[in-house]
Amino acid sequence: MAVHFTELGLVNTREMFKKAMAGKYAVPGYNFNNMEQLQAIITACVECNSPVILQISKGARQYANQTLLRYMVPGAVEMAREMGSNIPIALNLDHGDSFELVKSCVDSGFSNVMIDGSHLPYEENVALTKKVVDYAHPRDVTVEGELGVLAGIEEHVSSEVSHYTDPAQVEDFVGRTGVDSLAISIGTSHGAYKFKLKPGEPFPTLRFDILEEVERRLPGFPIVLHGASSVLKKYVDIINQYGGALEDAVGVPEDQVRRAAQSAVCKINIDSDGRLVMTAMIRKYLAENPKEFDPRKYLGYAREELKKMYISKCELLGSAGQA
Ligand code: G3H
Ligand code: 13P
Ligand code: ZN
């Protein structure tokens, strides 16, 4: 039986983005796959009074079971309310790749859906995205589309096809599809290995010139930045200290994330930084407490650090205090 997102205490992203645009900050899009991540996200956003977009990927649905994950969300909303908080909470399908997947999410209570047709030829991306919008909008579910393929910033890396968003396409795409927000490619990529730096080489700068041209062509329109984890060195170092091997992990410097948040970018997606914190803390805890075998001990330890990291992200994005 279909359930509408309003029955789960959720909101879509329309109002969130209007406020973020006016206030020159970005709302975090935080991915979760399990209870501890969800608890850390909600308690962090309640504590720092930030709006939040919870994100579930196709992989998360497969890992945790789509029904279980979706039923955890109203529990998380209720938990926030019991903490005395009224922060706006949206639920987004991250990187939806088919109409059927999107439909299933809309019907089960998601308030925003991303349809990622960025790998398709342009006209196919337009057609698929428009089909999604035509299904979502009558149900008041907002839609994120994507133009340009996320990839490494170094063009000689042949396996990572570099395909920045072409600003000349954005008005046509938004006009013909009716999307509510648009993810663009300006040099970020997913995961913990975003740039290949030679020894001593400085971090590259994201293509803010493309972002500015998109803003000029779509005044006041909400832009989304994927692949925005900073791959915090503190946690990479802990992982490596306790038996890990993440030697060349590099992310987006925090000053560039802040710069993006102050622009028309209204939503910033962060997943990898949470994964790194969780892994670092679990490795550290188990190494220091070799006799421990209660998962609540090491997961609880990781959850506490995760909450702190999410609060500092909300501060970086400027969303803290804006709920
Ligand atoms: O965009 C990718 C997100 O980090 C989700 O990753 O597909 O491994 O769940 P995933
Ligand atoms: P990161 O891998 O940089 O955290 O990006 C996450 C993301 O874009 C989810 O859609
Ligand atoms: Zn993404």
Side-chain angles (χ1 to χ4, degrees), residues 13 26-34 37-38 40-41 52-66 68-70 72 90-98 101-102 105 110 112-119 143-153 160 163-165 179 181-195 203-204 206 222-233 235-236 239 246 248-254 256-258 260-261 265-280 306 309-310 312-314 316-317:
T13 58
V27 181
Y30 293 143
N31 291 66
F32 76 98
N33 297 264
N34 62 36
Q37 289 173 317
L38 181 57
I41 294 167
V52 64
I53 300 169
L54 300 171
Q55 307 209 115
I56 292 178
S57 69
K58 184 178 173 179
R61 277 164 61 100
Q62 282 160 357
Y63 169 74
N65 181 282
Q66 64 195 56
L68 180 57
L69 264 195
R70 129 82 180 83
M72 283 164 67
L91 176 63
N92 176 44
L93 165 67
D94 193 26
H95 293 282
D97 61 358
S98 70
L101 173 59
V102 166
C105 289
F110 284 59
N112 190 85
V113 285
M114 177 193 190
I115 180 69
D116 182 356
S118 61
H119 291 84
V143 179
E144 173 184 332
E146 177 159 346
L147 261 185
V149 180
L150 258 65
I153 205 160
E160 300 174 15
H163 189 294
Y164 298 119
T165 302
V179 284
S181 61
L182 181 68
I184 62 169
S185 171
I186 58 169
T188 64
S189 62
H190 292 109
Y193 300 89
K194 299 190 190 299
F195 311 114
F203 287 101
L206 298 178
I223 302 302
V224 179
L225 187 64
H226 284 245
S229 280
S230 293
V231 187
L232 300 162
K233 186 171 172 348
Y235 300 107
V236 172
I239 290 173
L246 301 182
D248 299 319
V250 185
V252 183
E254 292 199 324
Q256 295 193 40
V257 176
R258 184 181 296 109
V265 170
C266 291
K267 170 173 178 266
I268 292 192
N269 285 9
I270 294 167
D271 186 0
S272 295
D273 276 338
R275 296 179 181 195
L276 291 166
V277 170
M278 198 108 203
T279 302
L306 201 50
M309 189 276 291
Y310 285 128
S312 71
K313 288 288 176 190
C314 291
L316 179 69
L317 270 49

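Remember, it's 1-based here, ligands and their atoms both numbered in the order they're listed. Position 1 is the first residue of the sequence, and the numbers go up from there. Quick caveat, the model's predicted, so the values are computed rather than measured.
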Element-labelled atoms of ligand 1 that are located less than 4.0 Å from some non-hydrogen atom of [X]:
{"X": "Asp94", "value": "1 (O), 3 (C)"}
{"X": "Asp271", "value": "3 (C), 4 (O), 5 (C), 6 (O)"}
{"X": "Ser57", "value": "5 (C), 7 (O), 9 (O), 10 (P)"}
{"X": "His190", "value": "1 (O), 2 (C)"}
{"X": "Asn31", "value": "3 (C), 5 (C)"}

Test your reading of the model: is there a side-chain donor-acceptor pair from [X] to the backbone of [Y], 3.5 Å cut-off?
{"X": "Asp273", "Y": "Ser230", "value": "yes"}
{"X": "Thr188", "Y": "His226", "value": "yes"}
{"X": "Lys267", "Y": "Val27", "value": "no"}
{"X": "Ser312", "Y": "Met309", "value": "yes"}
{"X": "Gln256", "Y": "Pro204", "value": "yes"}

Rounded to the nearest 0.5 Å, how far does CG of Asn112 lie from CG of Leu54?
11.5 Å
Just how far is it from atom CD of Glu144 to atom CG of Leu93, taken to the nearest 0.5 Å?
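Here the rounded value is 9.5 Å.
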Under 4.0 Å from ligand 2, counting heavy atoms only: the protein residues, by chain and number:
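For ligand 2, the contacting residues are Asn31, Asp94, His95, His190, Gly191, Lys194, His226, Gly227, Ala228, Ser229, Asn269, Ile270, Asp271, Ser272.
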Answer yes or no for Arg275: is there a heavy-atom contact with ligand 1 below 4.0 Å?
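Checking ligand 1 against Arg275, which is what was asked, there is a heavy-atom contact under 4.0 Å.
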Less than 4.5 Å apart, any side-chain heavy atom of [X] and any of [Y]?
{"X": "Asn269", "Y": "Asp271", "result": "no"}
{"X": "Arg275", "Y": "Ser229", "result": "no"}
{"X": "Ile186", "Y": "Thr165", "result": "no"}
{"X": "Lys58", "Y": "Gln66", "result": "no"}
{"X": "Leu246", "Y": "Tyr193", "result": "yes"}

Take the Zn ion (ligand 3) and tell me which protein N, O or S atoms are nearer than 2.8 Å.
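Hits for the Zn ion (ligand 3) below 2.8 Å: His95 NE2, His190 NE2, His226 ND1.
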With under 30° as parallel and over 60° as perpendicular, where do the rings of Tyr310 and Tyr30 fit, or are they tilted in between?
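Tilted, since the angle between the ring planes falls between 30° and 60°.
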Once you restrict to heavy atoms under 4.0 Å, what part of Asn269 touches ligand 1? Side chain, backbone, both or neither.
neither
What part of His95, side chain, backbone, both or neither, has a heavy atom within less than 4.0 angstrom of ligand 1?
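Looking at His95 and ligand 1, just side chain atoms fall under 4.0 Å.
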